[in-house]
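Only one structure is covered here, and it is reproduced in the block below.
For the single chain, residues carry numbers from 1 onward in sequence order. Just so we're clear, the structure is a prediction, and the values are computed from it rather than from any experiment. When reading the values below, keep in mind they use all heavy atoms of this one structure, side chains included, and skip hydrogens, waters and symmetry mates.
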Amino acid sequence: MTDIYTKWVLTIIAAALVVLAGDRAVRTAFAQIGYARVQICDEQNCTQLIPTQQSVAGRTVIVWAVPVVRR
């Protein structure tokens, strides 16, 4: 009886360690995704990027675009 109990306890501990290791690996991967600040300039002026919503593969995502100004 003790042998079966010990096997179950060790199995539960091993499963918990696998879950914790997987969670840490995924959190580290998400932490590496970041945003870059971009500024587009010529000799006289700089422009700001504006967020626009677009549908990509059936999902709505935010894409940063340069505003178009007609003169």
Side-chain angles (χ1 to χ4, degrees):
M1 183 68 183
T2 304
D3 190 36
I4 294 173
Y5 175 76
T6 304
K7 286 181 182 179
W8 274 105
V9 169
L10 290 175
T11 302
I12 291 170
I13 291 171
L17 288 173
V18 168
V19 168
L20 289 173
D23 182 50
R24 180 167 293 209
V26 170
R27 240 183 241 182
T28 303
F30 282 134
Q32 294 174 359
I33 298 172
Y35 297 100
R37 189 173 285 239
V38 177
Q39 191 171 23
I40 301 171
C41 299
D42 61 7
E43 290 81 22
Q44 298 174 354
N45 300 316
C46 290
T47 185
Q48 298 282 339
L49 298 177
I50 58 169
T52 58
Q53 289 186 355
Q54 290 185 350
S55 178
V56 176
R59 296 183 302 147
T60 301
V61 296
I62 295 178
V63 178
W64 293 88
V66 176
V68 176
V69 178
R70 293 184 184 177
R71 294 182 186 196

By side chain to side chain contact (heavy atoms under 4.5 Å, CB included), which residues pair with L17, not counting sequence neighbours? I13

Excluding sequence neighbours, so at least two apart, what forms side chain to side chain contact (heavy atoms under 4.5 Å, CB included) with L20? none

Within 6.0 angstrom of I50 CD1, more than 12 heavy atoms from elsewhere: yes

